[in-house]
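Worksheet: the structure to be examined is printed underneath.
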2 protein chains.
Amino acid sequence: MSKVQTGHPTLADVARLAGVSRQTVSNALNNPDLLRADTLERVRQVIEELGYSPNRAARNLRMRSSSLIGLRMHAVQEGTANAAMDRFIHSLVAASEQAGYHVLLFDGVGEDPVTGYADLLRATAVDAFVVTDTFLGNPQAKWLHEHGAPFVAFGRPWDAEAPRHSWVDVDGAAGTRLATEHLVEQGHTRIAWLGWRHDSPIGQDRRTGWEATMRDHGLATDDLDARVLDSVEDAARAAATLLDTAAPTAFVCASDTLAMGVLHTLWIRQIAPGRDVAVVGFDDSQVAQVFPVGLTSVRQPLEDVAVEIVRILSSLLGGRGAQPEGVLLAPTLAVRESSLRA
Amino acid sequence: MSKVQTGHPTLADVARLAGVSRQTVSNALNNPDLLRADTLERVRQVIEELGYSPNRAARNLRMRSSSLIGLRMHAVQEGTANAAMDRFIHSLVAASEQAGYHVLLFDGVGEDPVTGYADLLRATAVDAFVVTDTFLGNPQAKWLHEHGAPFVAFGRPWDAEAPRHSWVDVDGAAGTRLATEHLVEQGHTRIAWLGWRHDSPIGQDRRTGWEATMRDHGLATDDLDARVLDSVEDAARAAATLLDTAAPTAFVCASDTLAMGVLHTLWIRQIAPGRDVAVVGFDDSQVAQVFPVGLTSVRQPLEDVAVEIVRILSSLLGGRGAQPEGVLLAPTLAVRESSLRA
DNA sequence: TTCGATGATTGGAACGATCCACACGGCCGG
DNA sequence: CCGGCCGTGTGGATCGTTCCAATCATCGAA
C-alpha cells in the first residue's frame with residue numbers, strides 16, 4: 001500500500017496485516033465470542049504488535065457516547081468541607097475507571113448554574129453527570145431531570161417528597177449517633193451539640209442523630225444545644241458559653257471547623273481535650289488528622305459513595321430505564337485522642 | 001424532509017433552515033470573517049433558534065484532537081500536601097476552560113506509571129498532559145518526552161541539567177525567604193529551620209531561602225537547623241529539642257504538617273504562638289487557615305501556576321514548535337497570628 | 001469587451017470506528 | 001437431493017464535522 005504510516009495505526013491497518021476485514025477486528029475487540037478461536041488469536045497478535053488502540057473520537061461519533069462523566073467543580077470555599085471533595089473526586093475517578101469511564105471536570109463559576117451542563121450535553125461531550133452541590137434545592141437536578149440527562153446526585157433531594165432521580169448520600173444522623181454513642185460509652189452524660197444556625201437539611205439531619213441518641217439513653221438535651229455560623233470564632237464563643245452555663249463534658253459538632261472552635265476554647269482555658277472534655281467533629285478533614293491532639297471525627301465513606309454512584313450510572317446508561325434509586329450509606333467514626341479519656 | 005428530529009440538531013439541520021451549505025455554517029462558527037455580514041447573521045439566528053452546538057465527537061475525529069487535557073490523580077496521601085492539590089485542580093479547570101479545554105482526570109494507582117498515559121495517548125483521547133508528580137526523577141516526563149506527547153510539568157525537572165520539556169514551578173526558596181524576612185522584621189534573630197530529613201530537591205530548595213536570608217542578616221544558623229520526617233510527632237519532638245538546646249524564638253517549617261508539630265510542643269509548654277515564639281508553615285493548607293491560632297504560611301500561587309501551564313500548553317498545541325519553556329513563580333506569605341507579636 | 005483577481009459560497013471526500021444486511025460454507029432433517 | 005439454519009466473516013453505509021478544490025458572481029483594469 002502507498003499509505004504512509006504516520007500517526008497511530010487504525011482498524012484498517014490491523015485488518016490488512018491480519019488478513020481479515022475491518023469488521024472482524026472490531027468484533028475481536030467488542031464481541032470476541034463471534035470469532036473463531038484461531039482468527040481471534042491472529043487478530044490479537046497484530047493488535048499487540050502494532051500497539052493499536054481504537055480511536056476514541058471515531059468510536060464516540062458512531063456510538064453516540066463519550067464514556068465520559070461530567071463533574072462540576074464548585075467554588076472553592078475556605079471551610080473544611082471541600083477537603084472531603086478531594087477524596088471524593090479521587091474515589092470517583094478510580095470507580096469510573098473500573099467501569100470504563102473517565103471523569104471530565106468543568107467549571108461553572110459566576111454563571112448561570114446550568115450553562116456548563118447545557119453546553120456539554122448539547123455537544124454530547126459527556127454521557128452523564130454527577131451532581132454534588134445539592135445543598136440548596138439544587139436547580140441543576142431539576143434542570144437535568146427535565147432535559148432527560150442521565151445523572152446521579154451525591155446528596156438527597158431534600159426538597160422533593162418523591163425522588164425523581166437517583167441519588168447516593170451519607171447518613172448524617174447515623175454519624176452523629178455513632179459519635180454520641182461513643183461518648184456515652186466513655187462515660188459522658190452531659191454531651192453538648194454544636195451545630196449550624198441556618199436551617200440546612202444536612203445540619204438538621206446531623207443534629208437528629210445526637211438528639212435521638214441522647215433521648216434513648218434518657219439524657220437531658222435542653223441546655224446543651226447550641227447553633228452558630230460555621231466559623232472557628234463563633235464556635236469558640238459558643239463553646240465558652242456552654243461550658244459556663246451547662247458544664248458539658250463532651251461536644252458533638254456538625255463540622256470539623258466547629259470542633260476546632262471548641263478546641264480553641266479548651267486550649268485557652270487549659271482544659272485537656274479528651275482527658276477533661278471530649279470533642280468530636282464531622283468530615284474527618286485534613287485538620288482532624290493533622291491537629292496535634294488528633295480530633296475524633298465522623299468519616300464519610302466517600303469511596304463507597306463513588307462506587308455506588310458509578311454503579312447506578314452504569315445501569316442508567318446501560319439502557320435499562322430502571323426506577324430512580326436512592327442509596328444511603330453509613331459513615332464510620334475515626335477515633336482519636338480528642339475523645340479518649342486515657 | 002422525512003428526517004425525523006429526534007436527537008440534537010446537526011450542522012446539516014442548521015444549513016437547511018438557513019438556506020446555506022453545511023460548510024457555510026461551519027465557517028460561521030470557526031471563521032466568521034469569511035462570511036458576508038448578512039449571511040453570518042442569518043446563520044447565527046438559526047443556530048440560536050435550534051440551540052445548536054457542534055458535536056464534539058465528530059469535530060474531534062476530523063480535527064484529530066479532543067480539546068481535553070489529561071491530569072493524573074495520584075494516590076491520596078494523608079499529609080497536608082494534597083490539600084493544595086484541590087486548589088490546583090480547580091485553578092487548572094478554570095484556566096483550561098478559558099482556553100477552550102476541559103480537564104480529564106485519570107488514575108494510575110498500582111500500575112506501571114505510564115500505562116494510563118499510554119492508553120489515553122494512543123486512543124487520542126486527550127491532546128496533552130499536565131504532569132504533577134515530579135517529586136522523584138519522574139519517569140512520566142521522560143516517557144512522554146520520548147513519545148513526543150505534548151505536556152507541561154508542574155515542578156522543575158530537578159534531575160536534568162538542560163530541561164527538555166516545559167515546566168512551571170513555585171520558587172520555594174523565595175517562599176522561605178519571605179517567611180524569614182518577615183520574622184526578622186518582627187525582631188527575631190534566632191530563627192530555626194525545621195525541614196525534611198530525606199534529601200528531596202524541594203526540601204533543599206526551601207531550606208536555601210531560610211539559610212541565605214539568615215546569612216544576609218548575619219544571623220547564626222549552625223545550631224538552629226533540624227530535619228525530620230514529615231509527621232506531626234517527629235516535628236513536635238524536634239521542636240522540643242531545639243527549644244532546649246538553642247532557644248529559638250521563631251520557626252520556619254518546610255510544611256504545615258511540621259508547623260503543627262511545633263505548635264503542639266508550644267501548647268504543651270504553655271508557650272503562646274506568635275507572642276512568645278513565632279511559627280511559619282508552608283503550603284497554606286486548610287489546617288493553617290482553620291487552626292485556632294491562625295498559622296502564618298507560605299502560599300503557592302496555584303491560580304497563576306494553572307494559568308501559565310495552560311498558556312504554555314496552548315502554544316504547544318498551537319503548532320508553533322517553540323523551545324521548551326520554564327516558568328518560576330513567586331509565592332506569597334499569608335500572615336496570621338502565629339507569627340505576630342501583637 | 002475580456003481577462004484575471006478577489007470574495008463568498010458550495011459539494012464531495014475524509015476522519016476511523018460501528019451497525020446492518022448479506023454471502024459463504026457446512027450441517028442437519030425431510 | 002434440496003431447503004433452511006447456524007457459525008463466520010464481509011463490504012457498504014453511516015455518525016457529524018472540517019478540509020479541499022472548484023464554482024459563481026462581482027469588480028476593476030487592460
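Naming: A, B, ... by sequence-line order, numbering from 1 per chain. What's counted below: heavy atoms across the whole structure, side chains too, no hydrogens, waters or symmetry copies.
- Side-chain atoms of B:T24 do not come within 3.5 Å of backbone N or O of B:V20 as any donor-acceptor pair.
- Of the side-chain N and O atoms in A:S26, one or more sit less than 4.0 angstrom from OP1 or OP2 of C:dT18.
- In this structure, B:S314 contributes its side chain and B:V310 its backbone to a donor-acceptor pair below 3.5 Å.
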Quiz prompt | Stepwise side-chain hydrogen bond (donor to acceptor under 3.5 Å, both in side chains) test for A:D127 and A:S66 | solution = CA-CA 6 Å; A:D127 289 351; A:S66 63; 3.1 Å; yes

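- Here the options are B:T115, B:L68, B:V126, the test is side-chain contact (heavy atoms from CB on, under 4.5 Å), and the partner is B:L120; only B:V126 passes.
- Recorded end-axis angle for the helix from C:dT1-D:dA30 to C:dG30-D:dC1 stands at 60°, based on five pairs per end and rounded to 10 degrees.
- Atoms CZ (B:R64) and C1' (C:dG16) sit 9 Å apart, rounded to a whole Å.
- Candidate nucleotides D:dT18, C:dG16, C:dT18 were compared by shortest atom distance to the side chain of B:M63, and D:dT18 ranks first.
- Not a single donor-acceptor pair under 3.5 Å links the side chain of A:N31 to the backbone N or O of A:L34.
- When rounded to the nearest whole Å, the span between CG of B:N60 and P of D:dC19 equals 13 Å.
- Rounded to a whole Å, the NE2 atom of A:H8 is 13 Å from the C1' atom of C:dG16.
- At the heavy-atom level, B:N30 lies under 4.0 Å from the strands shown only through sugar-phosphate atoms.
- Side chain of B:D119 to backbone of B:G116: no donor-acceptor contact under 3.5 angstrom is found.
- Ring pair A:F154/A:F88 is tilted by interplanar angle, where 30° to 60° counts as tilted.
- Applying the ring-ring contact (aromatic ring centres under 6.0 Å, His included) test between A:F129 and each of A:Y101, A:F151, A:Y117, A:W143 identifies A:Y117 as the sole match.
- Whole-Å rounding puts the A:L29 CG to C:dC19 C1' distance at 16 Å.
- One distance of note links NE2 of B:H102 with CD1 of B:I69; it measures 10.5 Å at 0.5 Å rounding.
- Judged by distance alone, with hydrogens and angles left aside, B:R62 brings a side-chain donor or acceptor within reach of the base of D:dT18, the pair sitting under 3.5 Å.
- Out of D:dC19, D:dT17, C:dA17, the shortest distance to the side chain of A:R59 is found at C:dA17.
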N/O-N/O pairs, protein side and nucleotides 4-11 of chain D side, under 3.5 Å:
from   : atom 1 : to    : atom 2 : distance (Å)
D:dG9  : OP1    : A:T39 : OG1    : 2.6
D:dG9  : OP2    : A:R36 : N      : 3.1
D:dT10 : OP2    : A:S21 : N      : 3.0
D:dT10 : OP2    : A:S21 : OG     : 3.1
D:dT10 : OP2    : A:T24 : OG1    : 2.6

